[in-house]
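Structure first, then comments.
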Amino acid sequence: LEAAAKAFTKARLGPEEDPWVLARLVETLDALGRSKAADRQLREALALYPSSEALWLVAGKLAERRGQLDKAHRRAGGV
């Protein structure tokens with residue numbers, strides 16, 4: 001997983017950021033136990049791509065994994 005995190009981080013250095021790559025980076029960081037880094041990346045990514053399905057799906061996965069579904073529901077505006 002560490003190699004995956006490095007690869008996704010390196011992919012961010014390209015000419016364009018891709019919400020899918022950012023979502024995979026967030027998911028990988030969380031799987032590595034780096035939840036603060038994952039949360040920071042997710043906030044930054046959602047600020048850039050607020051309508052990205054990939055980012056909202058990974059946000060939901062993290063919330064479910066962490067037992068924070070109510071918090072995620074409120075964050076999504078009660079959708």
Side-chain angles (χ1 to χ4, degrees):
L1 284 177
E2 192 63 47
K6 288 179 183 177
F8 288 129
T9 300
K10 187 176 180 180
R12 288 192 68 196
L13 301 176
E16 292 184 29
E17 289 195 275
D18 180 342
W20 185 88
V21 170
L22 296 172
R24 299 294 69 78
L25 174 59
V26 168
E27 197 166 22
T28 302
L29 290 170
D30 192 68
L32 286 167
R34 293 163 45 186
S35 58
K36 287 184 181 181
D39 291 343
R40 184 178 58 254
Q41 289 292 329
L42 182 58
R43 279 192 307 275
E44 291 173 8
L46 283 170
L48 292 170
Y49 305 102
S51 61
S52 168
E53 181 180 350
L55 292 171
W56 283 108
L57 286 172
V58 80
K61 280 179 149 180
L62 297 187
E64 182 177 34
R65 192 178 302 152
R66 297 172 181 176
Q68 300 172 337
L69 287 178
D70 289 341
K71 180 180 174 183
H73 192 274
R74 285 190 307 275
R75 182 178 185 194
V79 176

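The residues of the chain are indexed from 1 along the displayed sequence. Values below: every heavy atom of this structure, side chains too, minus hydrogens, waters and symmetry copies. What you are looking at is a predicted structure, and each value in this text was computed from that prediction instead of being measured.
- In this structure Ala31 satisfies the side-chain contact (heavy atoms from CB on, under 4.5 Å) test together with Leu1, sequence neighbours excluded.
- Side chain of Trp20 to backbone of Ser52: no donor-acceptor contact under 3.5 angstrom is found.
- Closest approach of Leu55 to Leu42, counting heavy atoms only: O-CD1, 3.8 Å.
- The salt bridge (charged side-chain N to carboxylate O under 4.0 Å, His left out) search around Arg66 returns Asp30, Asp39, not counting sequence neighbours.
- The list of salt bridge (charged side-chain N to carboxylate O under 4.0 Å, His left out) pairs with a residue in residues 49-62, not counting sequence neighbours, reads Glu27-Lys61.
- The cluster map of Ile, Leu, Val, Met, Phe, Trp and Tyr, joined by side-chain heavy atoms under 4.5 Å apart, puts Leu57 and Leu29 in different clusters.
- Considering every non-hydrogen atom in both Ala54 and Pro19, the closest pair reads CB-O, 4.4 Å.
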Passes side chain to side chain contact (heavy atoms under 4.5 Å, CB included), Arg34 versus Glu2? Steps please.
CA-CA 11 Å; Arg34 293 163 45 186; Glu2 192 63 47; 3.0 Å; yes
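- Residue Leu22 holds its CG atom at 9.5 Å from CG of Leu46, rounded to the nearest 0.5 Å.
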